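Everything numeric here is computed off the predicted structure, so don't read it as measured data.
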Amino acid sequence: MPTKTAVYAVTPIAADVLAELRFRDDAGNPPTRVVDDAGGSPLRCCLRASTPGEELLLASYAPLRRWAGACGVDPGPYDEVGPVFLHPQPCSGPRHDRFPDDLRGTPRVLRAYGATGRIVGGRRLEPDDDPGPVIEELFADPDVAVIHARAVVFGCFTFAIERRD
């Protein structure tokens, strides 16, 4: 039986952007060093949950602004800046380009953006939902250029989901 190839790839914050954020974040401030006593914070560099006692950086990040800038469009009123956790030093990145196992089991919002940087749809993922079919359904709409996964409670950007050619 043939294996179905995913139509998407989950991507962390790009290494060059992480390097910038480790120096100055998208709000123009140096990142804040924190120790995650309890663990479980979603790391946007390697797409895993932090471990108890792990030292992290907390930085402001504008995911749509960065994406729109790379695509030559203006995010307009959809431009947002929010907090993200990352390692203080470069790490090995994610283990794969699928939905991160460490970040399953919590509610997420999947926001679908069109090529102009405007929201064109979205879905809420419940903790028990399989994200694959939901992501594929969103990408079935040809107007969807990229999807951002966000935490429901805090609203923070977690990772991008891009079409795989």
Side-chain angles (χ1 to χ4, degrees), residues 6 8-119 122 125 131 135 138 144-165:
Y8 62 89
V10 171
T11 60
I13 297 175
D16 61 327
V17 175
L18 289 167
E20 292 175 21
L21 295 175
R22 288 183 178 107
F23 175 70
R24 184 154 317 279
D25 68 18
D26 285 348
N29 301 308
T32 302
R33 286 191 175 271
V34 298
V35 174
D36 189 359
D37 293 328
S41 296
L43 292 160
R44 282 36 169 239
C45 47
C46 55
L47 303 184
R48 69 164 177 82
S50 63
T51 57
E54 193 166 7
E55 186 175 319
L56 310 173
L57 292 179
L58 182 58
S60 293
Y61 177 56
L64 190 62
R65 179 188 310 161
R66 295 246 185 197
W67 176 85
C71 295
V73 297
D74 177 8
Y78 295 98
D79 184 20
E80 297 178 79
V81 178
V84 293
F85 290 104
L86 48 124
H87 282 119
Q89 301 298 323
C91 64
S92 60
R95 293 183 296 258
H96 53 70
D97 65 359
R98 297 180 305 279
F99 201 97
D101 294 334
D102 277 9
L103 304 180
R104 289 177 183 263
T106 58
R108 298 259 172 237
V109 170
L110 301 180
R111 285 190 195 164
Y113 294 91
T116 63
R118 304 301 188 259
I119 295 174
L125 284 179
I135 294 166
L138 288 168
V144 174
V146 67
I147 299 169
H148 286 177
R150 291 180 167 266
V152 170
V153 174
F154 297 107
C156 308
F157 170 84
T158 311
F159 51 80
I161 307 166
E162 299 175 350
R163 285 185 187 275
R164 179 179 276 162
D165 294 329

Minimum heavy-atom distance between L56 and F85, given as atom pair plus value: CD1-CD2, 3.7 Å
If you compare all heavy atoms of S60 against all heavy atoms of V81, which two are closest, and at what distance to 0.1 Å? CB-CG1, 3.4 Å
When rounded to the nearest 0.5 Å, the distance separating OH of Y78 from OG1 of T116 is 8.5 Å
Which heavy atom of W67 sits nearest to which heavy atom of G117, and what is that distance? CZ3-CA, 3.9 Å
Minimum heavy-atom distance L103-P42, with the two atoms named: CD2-CB, 3.7 Å
4.5 Å side-chain heavy-atom contact, R33 and L57: yes
Taking the basic N atoms (NZ, or NE/NH1/NH2) and the acidic carboxylate oxygens, is any pair closer than 4.0 Å for R66 and D26? yes
In this structure, are over 12 heavy atoms from other groups packed under 6.0 Å from R24 atom CZ? yes
Here's a test for you: under side-chain contact (heavy atoms from CB on, under 4.5 Å), which of I13, D25, L86 qualifies with Y61? I13
Okay, side chain of D102, backbone of R48: is any donor-acceptor separation there less than 3.5 Å? no
Minimum side-chain heavy-atom gap V144-R163 below 4.5 Å: yes
Just by distance, do the side chain of R22 and the backbone of H87 share a donor-acceptor pair under 3.5 Å? yes
I need the minimum non-hydrogen distance between C91 and C45, along with the two atoms involved. SG-SG, 3.7 Å
